[in-house]
> 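Got a structure for you, written out below as structure tokens; questions coming shortly.
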Amino acid sequence: MLSAFWLVLKRDLLLALRRRSEIFTVLFFFLVVISLFPLGVGTEDKTLKQIAPGVVWIAALLASTLALERLFSSDYVDGTLEQLALAPQSMSVMVLAKMVAHWLLTGLPLVLISPLVGLFYHLPSHSIGVMMMVLLIGTPILSMIGAIGAALTLGLRGGGVLVSLLVLPFYLPVMVYGSGAIATSMQQGLSLQPYFMVLGAFALLAIVFSPLATAAALRISLE
Amino acid sequence: MLSAFWLVLKRDLLLALRRRSEIFTVLFFFLVVISLFPLGVGTEDKTLKQIAPGVVWIAALLASTLALERLFSSDYVDGTLEQLALAPQSMSVMVLAKMVAHWLLTGLPLVLISPLVGLFYHLPSHSIGVMMMVLLIGTPILSMIGAIGAALTLGLRGGGVLVSLLVLPFYLPVMVYGSGAIATSMQQGLSLQPYFMVLGAFALLAIVFSPLATAAALRISLE
Amino acid sequence: MKLEAKNLQCTRGDRELFSDLSFSLEKSQLMMLEGQNGSGKTTLLRALCGLYEPDEGEILWQGKSIKKLDEAYRRELFYLGHLNAIKPDLTVLENLRFNTLLAGDSVTDEALMQALGTIGLFAFEDFPASQLSQGQKRRVSLARLLVSKANLWILDEPFVALDIAAVELLQSIIAKHVEEGGMVILTTHQEVPLTRGKIKRLSLSGGSIKEQVGVNA
Amino acid sequence: MKLEAKNLQCTRGDRELFSDLSFSLEKSQLMMLEGQNGSGKTTLLRALCGLYEPDEGEILWQGKSIKKLDEAYRRELFYLGHLNAIKPDLTVLENLRFNTLLAGDSVTDEALMQALGTIGLFAFEDFPASQLSQGQKRRVSLARLLVSKANLWILDEPFVALDIAAVELLQSIIAKHVEEGGMVILTTHQEVPLTRGKIKRLSLSGGSIKEQVGVNA
Amino acid sequence: MKINWFKYAATINFYALAGRVIPFFWVAAVILITIGLYWGFFKTPDSLDNGMKEYYRIIFVHLGSVWMAMWLYIMMVFWALVGLVFNTKLSYMMASATSITGALLTVVALATGAIWGKTSWGTWWDWDPKLTTFLILLFIYIGYIALQSAIDDTRRSDKASAVLALVGLALVPVIYSAVNCPDPTQCSSLHQESSMKNIEPNIMKGIIFTTLGFWMYSFATILMRVRNIILQRERNTNWVSKLKEVN
Ligand code: HEM
Ligand SMILES: Nc1ncnc2c1ncn2[C@@H]1O[C@H](COP(=O)(O)OP(=O)(O)OP(=O)(O)O)[C@@H](O)[C@H]1O
Ligand SMILES: Nc1ncnc2c1ncn2[C@@H]1O[C@H](COP(=O)(O)OP(=O)(O)OP(=O)(O)O)[C@@H](O)[C@H]1O
Ligand SMILES: [Mg+2]
Ligand SMILES: [Mg+2]
């Protein structure tokens, strides 16, 4: 079972290495969204600090959505997904591997580049740390919820837009608590623990249920 | 020559009509993105007005990009693109038809629904007019620049970094001037003419060169 | 080993493809599925794999429902459909390695290389799959047959895109598997001259279902 | 009408597929392109269509380079490759109509319906193409042959996925075209028993290029 | 072709039964809504003590649609679940029919709310938690409908949208609490003060009538839609071709 996990994970990472462009597309998109706001909003220090938490999360949400469509569709088109479904292994394990790969390729780069946001938006270094932490917990949730949507819309026309439409409302709680934590960190003397507890709970729930739901959705889409 | 234009345009619109939901999907997707921002960034009246110009353009960019992927790839995968290239007609005319269809299906609906953004973000009615105008000029440019990128990515396996590097920077000026115009319209006594001149110039350039470039890129991708 | 289909019925859209279809297949038997274009061969094969749920009836492996057996059944199964499951961005060897490991057959790279050699892709192992011709891609996915430990092979038009030499090779591979006690179900519009093994023919054409048994053609 | 290839050379990646390949094809001639998987048949056909530029040599139509002729040459040409150019979201008739109009043949809907009937898709015209089987899709794209006014047909493995009845039908369609003064170039791994018309055979196998001319098999 | 009558029994009976009860639901809907509106317009005070103006009367439509929109979402998820568990076609059809009426009533709730907002606050829209929750409910309805209409194969579209509904069931409460209580430290004090208690009993009566009326209207439209879906899905079966209304 574990071997299937590693097998799929390794292959997805290998494929991404062969085709580095996708990682860069997501990163570029993230940076474009991030840098567009100061241009429109003006560079007043207070305003920047105020919108920073929301902007980071929205950029992360949108970037994650952008990459979602490709999560299963190339495997679907060339028949690999059929073979995954027929492998004598639990489909949800393999699906989890694909989610992990997806996060490593699209979520993690965002976490790593997020200090740049702090720079653009004049955030205090303490808040930058908090931002990286919540992104680290939150982006995997995005990948996991998103995978369900991607599986449901497999092979449908208008896939990319449709997935985002289905998935974005469900991303909302992650965004609200994620940006809430960053905003709170900029005020003195407030505890961040509740935010991390809530996000942690979401992450746990997502890890337990989303591979199952995604595997079920994939089987439905393959019929 | 004109007949090929109408033929391709009609077919692309017919394909979209088969899934009327697709157009609505783009619209609702746009609305979802639009309504994410206040929830993440804050709902203060002043903040809303400040972020509105950027938000509109980011949502438009995203809707356009998400739909772009499908612009040629489905024709490529099922062999229709080969047949287009072999038709006894100029390829750039047919490419232009595909761009027009893409814009009618993803750009125009955004222009039409953008007054809702004004409602959500409490924009003055004058700015709403400006917003519709710049979207009307700007979204076709997005479709046309994006098409070049989409055509190039068809063939280049693993070499797509260049494409995202190429396309996003070209989108950026459109977004900067587009959102600049909206932001300026909210201030008294500033002329908008320079913005429209620049955007108009972009649009002209795009109409002249992008069908040629896209047709060439498609022929390369087909080899 | 025994595969049984009991009273299967499949409907697609409004059209009933077949109903009340029953047959069984045992060790050392090959079943040729025949029928016009659109008669439901692919649908039936996918149902036998568990990828498509028939509207009625059930499919049994060793007397147990394949839905219940699940992974245990899939371990016995090799399916190759219209699609090759080849990733253009991986090399030939990487593709083959991933697909065999995924099927649960742990095979050494030497064995894989040998399989590639047999199937006529000697010296192609480091070639990116995107640069293969149609028939070469099909060969890569067929190379898995040479190292598979599955008992039941389900092949949907395996001869498509192959040249004459490769067709003969594949015929001999199938014959050998049947001879050695395996089971094969295949659809093809070409005749498959087997030299040994029992052949069953199931024809789906025109709504009528006929099962013929004969020792070889 | 005359198609000439002069000293063609094609290299893909590092491998030279063929070099110094010359042949010509005239009215009422059929050329069978033979060769192993990966010998370069598809590449040659695409070069003849102008989709792929050979590294060396040139292709002439009526003595003029096809690159110069461009649209004028494409008007004479019908190409069908591995892909069917069928849109899943359109109906059978809409697909056929679009593809014929695109090729510049303006045909009435009755003629199209008749073509569909001939090819064995009677009463399928309003079926969404997504719901067709593999072979039915192939038939839709072959229906274009019945209404095409092109002189030169270039067909890459046209018999793939077809059932026996459809293969025979297609053979007769090709034979009729050749008889009536058309030109056909095709690759297939199956034999094509033509009843009339001149057959040329070009074999690309193993790097050696042979051209045989014979009046029929 | 042999017809398996038993297989269609459920839908045949349901089709006939629904056809018979639909008129009653329509009659009930019209009567109840008329009573409610009549009450609202003529039997309630012209202006209330606390300075409300005439436009408060829109609440008779607003609140009814708000309640029904939420209730129909629960019904939709319920039918989808029943479909997934027992694999009954009819319940998938119910779910699909419910989603459309639900989305419509959500739009009505938003529109009446917006009109009310324009007259009382002077702005069509504000990012108040209650309103935001409803906007998101609309998006979720739309997502469900969009997924369903994007899939041609009915088997797949039934199951896929049911899975989506199931995911929604798990996530909607989370979304609700996130919108209403973005700061988790204050969540203990989360109880939406229902201003229901402040509503005059007199007005309340009208509201109850319109709400019941909307309920009947929902039954009627949902059943009509299910009948349409049945006809469409089984248009090639014998029993449908024998129906009077088809020929
Ligand atoms: C687009 C705008 C609006 C939406 C989406 C909306 C939505 C809702 C919802 C969801 C409820 C039910 C809450 C509950 O039962 O606890 C509700 C109730 C109510 N709404 Fe609205 N509303 C909108 C605008 C307004 C406006 C502008 C007013 C008045 C100024 C208003 C007044 C009320 C009242 C009085 C109730 C019933 C009492 C209550 O339970 O709170 N609504 N509305
Ligand atoms: N995109 C590519 N890049 C590099 N090499 C390629 C590419 N496509 C094909 N080739 C190589 O060119 C050769 C000829 O391919 P081609 O598709 O023309 O063969 P074919 O004769 O049509 O074979 P088949 O019978 O399998 O269809 C093959 O050996 C293949 O490896
Ligand atoms: N997704 C679908 N929805 C509805 N009907 C379908 C779908 N896919 C296939 N069909 C129908 O089911 C029938 C059987 O298809 P199937 O692919 O099983 O045929 P087949 O026997 O494999 O044909 P071929 O020889 O052409 O491969 C066809 O008539 C087709 O129209
Ligand atoms: Mg088939
Ligand atoms: Mg070929």
Side-chain angles (χ1 to χ4, degrees), chain A residues 53-54 141 144-145 147-149 151-159 161-181 183-184 187 190-199 201-202 205-206 208-210 212-223, chain E residues 73 80-81 83-85 87 92 106 127 129 132-190:
Chain A
I141 312 181
M144 285 188 282
I145 297 180
I148 306 178
L152 285 173
T153 55
L154 208 57
L156 302 181
R157 269 177 62 82
V161 182
L162 186 60
V163 171
S164 323
L165 178 65
L166 295 187
V167 156
L168 281 176
F170 292 147
Y171 280 173
L172 212 87
V174 182
M175 178 185 79
V176 168
Y177 292 114
S179 57
T184 311
Q187 291 171 293
L190 293 179
S191 162
L192 289 174
Q193 213 191 347
Y195 289 99
F196 283 110
M197 300 261 286
V198 172
L199 283 175
F202 286 171
L205 276 180
V208 174
F209 290 110
S210 83
L212 293 173
T214 310
L218 284 178
R219 285 201 187 278
I220 291 170
S221 298
L222 271 176
E223 276 225 332
Chain E
Y73 183 80
L81 278 187
L84 270 188
V85 174
N87 199 14
Y92 286 128
T106 313
W127 294 95
T132 309
T133 314
F134 242 63
L135 187 64
I136 291 163
L137 181 66
L138 178 66
F139 289 152
I140 291 174
Y141 268 127
I142 297 285
Y144 182 91
I145 295 170
L147 180 65
Q148 209 161 41
S149 58
I151 308 177
D152 285 328
D153 189 49
T154 47
R155 265 168 54 140
R156 181 178 165 194
S157 93
D158 282 346
K159 288 187 192 167
S161 53
V163 168
L164 183 69
L166 193 68
V167 175
L169 181 69
L171 283 175
V172 164
V174 180
I175 296 173
Y176 180 81
S177 60
V179 170
N180 283 281
C181 153
D183 184 353
T185 50
Q186 279 150 29
C187 278
S188 48
S189 66
L190 170 72

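This one's a predicted model, so the numbers in the text were calculated from it and none came from an experiment. Every chain is numbered from 1, with letters handed out A, B, ... down the list of sequences.
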> Are more than 12 heavy atoms, taken from residues, nucleotides or ligands other than A:F209, located less than 6.0 Å from that residue's CZ atom?
no
> Who pairs with A:T153 by side-chain hydrogen bond (donor to acceptor under 3.5 Å, both in side chains), at least two apart in sequence or on another chain?
none
> If you look at every heavy atom in E:A178 and A:P173, which pair is closest and at what distance?
CB-CA, 3.7 Å
> Could you have a look at E:I142, E:V172, E:L166, E:L171 and say which one has the most heavy-atom pairs with chain A under 4.5 angstrom?
E:L171
> Looking at every non-hydrogen atom in both residues, tell me the closest pair between E:A150 and A:L156 and how far apart they are.
O-CD2, 3.6 Å
> Please report the shortest heavy-atom distance between E:I175 and A:P169, naming the atom on each side.
CD1-O, 3.4 Å
> Let me know if A:L172 has heavy atoms under 4.5 Å from chain E in its side chain, its backbone, both or neither.
side chain
> When rounded to the nearest 0.5 angstrom, what is the spacing between CZ in A:F170 and CG in E:L164?
5.0 Å
> Could you look at A:F202 and say if it's the side chain, the backbone, both or neither that has a heavy atom under 4.5 Å from chain E?
side chain
> What are the two closest non-hydrogen atoms of A:L162 and E:A146, and how far apart are they?
CD1-CB, 3.7 Å
> Are there residues of residues 214-223 of chain A that reach to under 4.5 Å of chain E by heavy atoms, and which ones?
A:I220, A:S221, A:E223
> My understanding is that only residues two or more places apart in sequence, or in another chain, count here; which of them pass salt bridge (Lys or Arg N to Asp or Glu O under 4.0 Å) with E:R156?
none
> Taking atom CD1 of E:I140 and atom CG of A:L165, what is their separation to the nearest 0.5 Å?
10.5 Å
> Under the side chain to side chain contact (heavy atoms under 4.5 Å, CB included) test, which residues partner E:D152, sequence neighbours left out?
B:R19, D:D89, D:S130
